[in-house]
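One-based numbering, in listed order, for ligands and for the atoms of each.
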Amino acid sequence: MSYKVTNQKLNRWVNELAELCQPDKIHWCDGTKEEYDILMAQMVAEGRAIPVKKRPNTYLFRSDPGDVARVESRTYIATREQAKAGPTNNWVQTDELKKTMKALYTGCMKGRTMFVIPFSMGPIGSPMSKLAVQITDSPYVVCNMDIMCRVGTKVIELLNKGEDFVECLHSVGAPLKTGEKDVLWPCAPMENKYISHFPEENAIWSFGSGYGGNAILGKKCLGLRISSALAEREGWMAEHMLILRLISPEGKKYHVAAAFPSACGKTNLAMIQPAVPGWKAECIGDDIAWMKIGPDGYLHAINPEAGFFGVVPGTSYKSNPMAMDTVKENTIFTNCALTDDGDLWWEGKDGDKPAHAIDWKGKDWNPSSKETAAHANARFTAPAAQCPIISPDWENPAGVPIDIFIFGGRRSAVVPLVTEAFNWDHGVFLAATEASEPTAAILDNVGIRYDPFAMLPFCGINMADYFQHHFEMGDKLKNKAPRIFYVNWFRKNQNGEWLWPGFGDNIRALIWMCERIDGKAGARKTPIGYLPEEKDLNLKGLVIAQEKIKELLSVDPEVWKAEIPKMEKFFSQFGEHLPARLRNQLDELKSRLK
Ligand code: GTP
Ligand code: SPV
Ligand code: MN
């Protein structure tokens, strides 16, 4: 250990867990480059990490084929009473879950090293940041945490001054018998995986998975589930949102926070290269926003993360050039294909398919292979600072003042390109009825589903209380609240083709939002909200068929009437707990559609 820990709560916690998990060794992490390099070199020697020759300091990992994404059916919110977790979360009573999991943790690190990772979510020392410590027996997780969070001795200094921390316990759940040879990606069988949260005591217990949001505990577990509970208690917001700064040709700045479900376009929008000349974008964050009302009365957002854990397939110089430049070096890739010339391949990358590659399962692959070369949820882990358009304010401890909230999902039909809410309450209703089609980011999501605020899998409290909290935040913000919009980049025509070009052209919807705020752009009132007419959108330079634009901006009352019973059914699970203001919004929509 290169530092001394005088925070007795931390020492006690680590000792207790060492006794329970019985690792061979304990390693206190300092977050230095030397430490990262040594761990990576060890993993290369063991065959777990494959150096990617064409990209400096970059490594490829292949996960167990059953451990490729978050598993919502194994994700739990444990509270004393079920009502605190609500109907949309998997709930187990706190003591019962602890009992089950303690049995699993007993001896679970035998043959392995227990790493202790002190980290900060948010710039170290920002009043909006949170300190935490993750224990893990996965060096892959340590290296990912090094990129995704601020790890190191500065955090220990604050802990030694007596600052509190969130307890994050993680094990891959695969102890080794004496002399047993390890597999390349250890993890536990599905029925023993648990991604558990104890929001009443700020604790996370994750067991059995080494993958992304299941194992990098600063991200979904702390950044969203524990934090959404803290935020409700303390009067702030923890959201599944990207943060973006737009700069108009006149130099005016607009700050946008947008919530789309997993694998529905946050990273891409966060790094947008505007297709309309004169407009510029800066990236602040791509997955999580923590927001607090500032001294000026506006909602200020920080990105609590230090890196991007982004979807690889579909990423190209055409779709997301800024992401392509971000992952040129110092990046961890998981579940991509390896080409014979020492680079990576994935579906949707620029250029021709390689004639031969090693696929994400480690098998020979060629263009006639039936399976994909990369897994559909292959990911990159890269430092945010490497993004060429990272904002100079991305680590500003005071955050940036948010002007625009965007919600939206992946809907091949029904939902138009862009809609503006009538007011805050209507915006909360639009967000609460956010719905999306399934993606590869979740192992066990099969159909189209409501994903309120894109937070269904990430809400650490009763979702009805979460809705109420958002109404109350609006009451506090009054006329300084962000304006709320709803988008759908994913509408398709009869032949299954995208109606909208997406990516850089999404700026056209964003420009309309900025102009609405400034009172410059027109709109027509429809039963579902304000929509632009074709003339209200900047479509300069875009070659698109007239009938496509018409369909993208159309609202069919009959189709929307058919949505009402689905919304009612979704809301009914909350019973009397559903905020009256949300019920009123649904009633108002019904009467507007009459
Ligand atoms: P998480 O990291 O899982 O939270 O996902 P995300 O919301 O950041 O999703 P991301 O931006 O990585 O996009 C996921 C997939 O959607 C990628 O394959 C993108 O290429 C694709 N995508 C993103 N934006 C657009 C768009 O505007 N149009 C279309 N057609 N596809 C898009
Ligand atoms: C998501 O699923 O929304 C992600 C990826 O951002 S993971 O960190 O694996 O949850
Ligand atoms: Mn996400």
Candidate pair R55 and D343, rule salt bridge (Lys or Arg N to Asp or Glu O under 4.0 Å), full reasoning: CA-CA 7 Å; R55 296 166 195 254; D343 200 5; 2.7 Å; yes
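- Within the 4.0 Å heavy-atom shell around ligand 1 one finds C264.
- No side-chain heavy atom of N335 sits under 4.5 Å from any side-chain heavy atom of N377.
- A ring-centre distance under 6.0 Å is found for Y194 and Y76.
- Between W346 and F333, the ring-plane angle classifies as parallel under the 30° and 60° cut-offs.
- Taking all heavy atoms of M241, R410, K266 into account, the minimum distance to atom 7 (O) of ligand 1 is reached by K266.
- If you check the side chains of Q134 and E167, you find no donor sitting under 3.5 Å from an acceptor.
- When hydrogens are left out, the protein atom nearest atom 19 (C) of ligand 1 is N268 ND2, 3.5 Å; that is the closest non-hydrogen contact.
- Less than 4.0 angstrom separates some heavy atom of H240 from each of these atoms of ligand 1: 4 (O).
- Using a 4.5 Å heavy-atom threshold, the side chains of F405 and F485 count as separate.
- Here D287 has side-chain heavy atoms under 4.0 Å from ligand 1, and that is the only part of it that gets that close.
- Counted by atom type alone, N144 and T381 present one or more donor-acceptor pairs between their side chains at under 3.5 Å.
- Between the side chains of D67 and S209, at least one donor N or O lies within less than 3.5 Å of an accepting N or O.
- Distances below 4.0 Å separate heavy atoms of W489 from the following atoms of ligand 1: 27 (O).
- Among all non-hydrogen protein atoms, the one lying nearest atom 2 (O) of ligand 1 is R379 NH1, 2.8 Å.
- Residue-ligand proximity: P313 is placed with a non-hydrogen atom under 4.0 Å from ligand 1.
- Counting heavy atoms closer than 4.0 Å to ligand 1, residue W500 contributes nothing at all.
- Checked against the 6.0 Å centroid criterion, the rings of W185 and F61 do not qualify as a close aromatic pair.
- At a 4.0 Å heavy-atom cut-off, the residues surrounding ligand 2 are R70, G212, G213, K219, K220, H240, S262, D287, F309, R379, A441, F458, listed by chain and number.
- Here the heavy atom of the protein found nearest to atom 26 (C) of ligand 1 is F503 N, 3.8 Å.
- Note that CG of D286 is 11.5 Å distant from CG of L244, once rounded to the nearest 0.5 Å.
- K361 and H375 form no side-chain donor-acceptor contact under 3.5 Å, judged by distance and modelled atom types alone.
- Contacts of M271 with ligand 1, taken as heavy-atom pairs under 4.0 Å, are absent altogether.
- Not a single heavy atom of A454 sits under 4.0 Å from any atom of ligand 1.
- Closest to atom 9 (O) of ligand 1 by heavy atom, among A376, G310, S319, G265, is G265.
- Near-neighbour remark for the Mn ion (ligand 3): protein N, O or S atoms under 2.8 Å are K220 NZ, H240 NE2, D287 OD1; waters not counted.
- Near P261, meaning under 4.0 Å from one of its heavy atoms, ligand 1 places the atoms 7 (O).
- Taking atom 1 (P) of ligand 1 as the reference point, the nearest protein heavy-atom neighbour is A263 N, 3.4 Å.
- Counting protein heavy atoms only, atom 30 (N) of ligand 1 is closest to W498 CE2, 3.4 Å.
- Side-chain contact between I406 and L510 is present, with at least one heavy-atom pair separated by less than 4.5 Å.
- Between F453 and F407, a ring centre-to-centre spacing shorter than 6.0 Å is recorded.
- With W498 as the aromatic partner, K492 meets the cation-pi criteria of under 6.0 angstrom to the ring centre and within 45 degrees of the ring axis.
- Each of I402, I247, D403 was compared with Y254 under the side chain to side chain contact (heavy atoms under 4.5 Å, CB included) criterion, and only D403 meets it.
- Here N506 has side-chain heavy atoms under 4.0 Å from ligand 1, and that is the only part of it that gets that close.
- Ligand-side atoms of ligand 1 in range of T267: 6 (P), 8 (O), 11 (O), 12 (O), range being under 4.0 angstrom from any heavy atom.
- Atoms of ligand 1 lying under 4.0 Å from any heavy atom of G314, numbered from 1 in the order shown and given with element: 18 (O), 20 (O).
- A donor-acceptor contact shorter than 3.5 Å is absent between the side chain of K266 and the backbone of L242.
- A donor atom on one side chain and an acceptor atom on the other are not found under 3.5 Å apart for N493 and E551.
- Figure legend: R225 and F458 shown without cation-pi pairing, the cationic atom not lying both under 6.0 angstrom from the six-membered ring centre and within 45 degrees of its axis.
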If you apply the rule salt bridge (Lys or Arg N to Asp or Glu O under 4.0 Å), what do you find for R150 with E395, and how did you get there? CA-CA 11 Å; R150 281 112 174 148; E395 293 189 283; 2.8 Å; yes
